[in-house]
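These notes are about the structure you will find just below.
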Amino acid sequence: MRTSKVIQELFLDICTEFIEKRLGQNPGIIRQPGLGSIQIEMVSPEGGGRICWFDDMDFKWVETSQEFTSWAILGDGNVYVRNPQDVSGDDDLFIPVNHPREVAELLYLFVQPPAAFISDMSESHFVKLGKIADPYALIQTGKKWRALDLSRLPEDTPADFHVALGLNLTQNWKRLVQDGKFESWRFAERWPDFIGTLPDAAPLLRGGYVYMKDQCFGHGLHFLAGKADLTDPFLPTLFSPSRDDISMLYLHEFLNYDKDANHQLQSAFSEENDLGMIHSMLKKVSVTLPVNFNDQILLIIQNKLLRDRVLQQAENLVFNRTFYRNFAPRYLAAAQALSRMVEATIRFS
């Protein structure tokens, strides 16, 4: 089976687990082998009532006369939420999601009463990353992976291992080579007894997020499926969520796109940092988010839908030009407006 197919099937397997855990029941999941998707015919608010739908023209949620939505969850992370009132499908919500646990959070939002969508957003507060997720170093042993808890290093951690791991996570290639060539695949060879005592990373990989210096957060299903690139000389870091009242859908988006948070993450993996400093700086990364769990999900979904709307309109602007008319002044004005919007967004991100 192709790598992408294996990972997509694994994505859907874990989706089902997280959906049942988050909702406390199976909401009627239909899974047909080989289709690469999950179908849920009826998702209704708990206790009954009507659903809310996103109006992308007025950029707000509105209550409808419909009492349920229908869902299609694809193995590549794309989620389609259908409003059965709209038989054309033009009104479907397309929401790309990058982790199985985030699909469960999205579904959880849509079983809330209308008030969860149309009430005022709760105030924001600050939480340190160390209070939200626990960092682990992933160490390969063949095609499998073991997890070292960076916040609770074993007392028998070898001193030279401690140094080598810090050099590897910060991707300090020059010192890695000078100090003994500690590429990712050499750790199990060099310290087999110590690494052999570390726990299997598979349970953490099912719900955790993998991060490497200069890369974005993402799921670790390719590691779990034994499909990771074993020639990469650098080891990844795994963040395992430790709280159910913090939306990982929100955290994922925030850490990838917030300028200050991203800078703090990059600083933690600076080449001059040792393993202790990496952990210390990671747990201090500041996360700004709404107090209310539902609002955390709602805010990110709105941002994703708005982003899709802006990209769609920008594409229409570029490709729908009538070739025999001169729209250059209009195009220039639109391009300048988009540039100002982007600049303002970057300044305040």
Side-chain angles (χ1 to χ4, degrees), residues 1-18 21 36 75-77 98-102 133-173 176 180-242 248 252 269 275 278-279 282:
M1 187 180 294
R2 296 198 317 269
T3 297
S4 60
K5 184 70 172 179
V6 171
I7 293 174
Q8 288 182 16
E9 290 298 317
L10 187 57
F11 185 97
L12 296 174
D13 289 341
I14 300 175
C15 264
T16 302
E17 294 176 17
F18 275 107
K21 181 180 178 181
D76 61 5
N98 298 303
H99 197 288
R101 70 186 308 139
E102 296 172 13
D134 298 321
Y136 293 80
L138 288 178
I139 303 173
Q140 67 183 74
T141 54
K143 288 191 175 182
K144 294 186 177 181
W145 296 81
R146 294 187 180 271
L148 174 66
D149 189 343
L150 296 181
S151 61
R152 304 176 187 84
L153 294 180
E155 292 183 1
D156 60 345
T157 303
D160 53 349
F161 170 88
H162 194 284
V163 173
L165 184 58
L167 293 175
N168 189 286
L169 293 178
T170 59
Q171 300 189 7
N172 192 331
W173 181 251
L176 272 176
K181 296 184 179 179
F182 297 120
E183 298 96 335
S184 59
W185 55 83
R186 297 183 188 272
F187 278 78
E189 299 173 1
R190 183 73 177 270
W191 298 280
D193 294 337
F194 173 72
I195 292 175
T197 65
L198 299 178
D200 184 3
L204 297 172
L205 283 167
R206 295 182 79 83
Y209 290 77
V210 171
Y211 177 78
M212 293 185 72
K213 183 179 178 181
D214 299 328
Q215 296 184 21
C216 291
F217 273 76
H219 65 66
L221 301 188
H222 48 301
F223 293 90
L224 188 60
K227 303 296 183 179
D229 180 7
L230 300 182
T231 64
D232 193 320
F234 301 117
L235 295 168
T237 304
L238 173 73
F239 288 86
S240 178
S242 57
M248 291 300 112
H252 186 179
F269 289 95
L275 195 57
I278 294 171
H279 173 248
L282 284 177

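A133 and S242 get closest at one heavy-atom pair: N-OG, 3.6 Å. Contact record, G166 with I278: O-CD1, 4.0 Å, taken as the closest heavy-atom pair. Between L169 and P236, the shortest heavy-atom contact is CD2-O, 4.2 Å. Considering all non-hydrogen atoms of both residues, G207 and P241 come closest at O-CD, 3.5 Å. Across all non-hydrogen atoms, the minimal contact from G36 to E9 is CA-OE2, 3.8 Å. In this structure, A147 and L198 approach most closely via the heavy-atom pair O-CB, 3.9 Å.
Residues satisfying the side-chain hydrogen bond (donor to acceptor under 3.5 Å, both in side chains) test with D76, not counting sequence neighbours, are N78. Partners of P233 by side chain to side chain contact (heavy atoms under 4.5 Å, CB included), not counting sequence neighbours, listed by chain and number: W173, E183, W185. Partners of Y209 by ring-ring contact (aromatic ring centres under 6.0 Å, His included), not counting sequence neighbours, listed by chain and number: H99, H252. In this structure, Y136 has no ring-ring contact (aromatic ring centres under 6.0 Å, His included) partners at least two apart in sequence or on a different chain. With sequence neighbours left out, T141 forms a side chain to side chain contact (heavy atoms under 4.5 Å, CB included) with K144, R146, A188, I195. In this view, D13 and R31 satisfy the side chain to side chain contact (heavy atoms under 4.5 Å, CB included) rule, not counting sequence neighbours. Under the side chain to side chain contact (heavy atoms under 4.5 Å, CB included) criterion, A164 pairs with F182, F187, W191, not counting sequence neighbours. The side-chain hydrogen bond (donor to acceptor under 3.5 Å, both in side chains) test applied to Q140 returns S184, not counting sequence neighbours. Applying the side-chain hydrogen bond (donor to acceptor under 3.5 Å, both in side chains) rule to N98 yields no partners; only residues at least two apart in sequence or on another chain are considered. Under the ring-ring contact (aromatic ring centres under 6.0 Å, His included) criterion, F217 pairs with Y211, F239, not counting sequence neighbours. Contacts of D149 classified as salt bridge (Lys or Arg N to Asp or Glu O under 4.0 Å), with partners at least two apart in sequence or in another chain: R152.
At least one side-chain heavy atom of L221 sits less than 4.5 Å from a side-chain heavy atom of P100. Looking only at side-chain heavy atoms (C-beta outward), M212 and D232 come within less than 4.5 Å of each other. Residues F269 and T237 have side chains in contact (heavy-atom distance under 4.5 Å, counting atoms from C-beta outward).
The distance from atom CD1 of I139 to atom CG of L165, rounded to the nearest 0.5 Å, is 5.5 Å. Rounding to the nearest 0.5 Å places CZ of F161 at 8.0 Å from CG of L275. In this structure, CD1 on I7 lies 12.0 Å from CG on L12, to the nearest 0.5 angstrom. The structure places CG of L235 at 4.0 Å from CG of N168, a figure rounded to the nearest 0.5 Å. A distance of 9.0 Å separates OG1 in T197 from CG in L148, rounded to the nearest 0.5 Å. To the nearest 0.5 angstrom, T157 atom OG1 is 3.5 Å from F194 atom CZ.
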TODO: List the steps, then state whether side chain to side chain contact (heavy atoms under 4.5 Å, CB included) holds for H279 with L153.
DONE: CA-CA 11 Å; H279 173 248; L153 294 180; over 6 Å; no
Open item on the list: One pair to check against side chain to side chain contact (heavy atoms under 4.5 Å, CB included): H219 and I14. What are the steps and the verdict?
Closed with: CA-CA 11 Å; H219 65 66; I14 300 175; over 6 Å; no
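Pairs passing the salt bridge (Lys or Arg N to Asp or Glu O under 4.0 Å) check and including a residue from residues 193-207, sequence neighbours excluded, read E17-R206.
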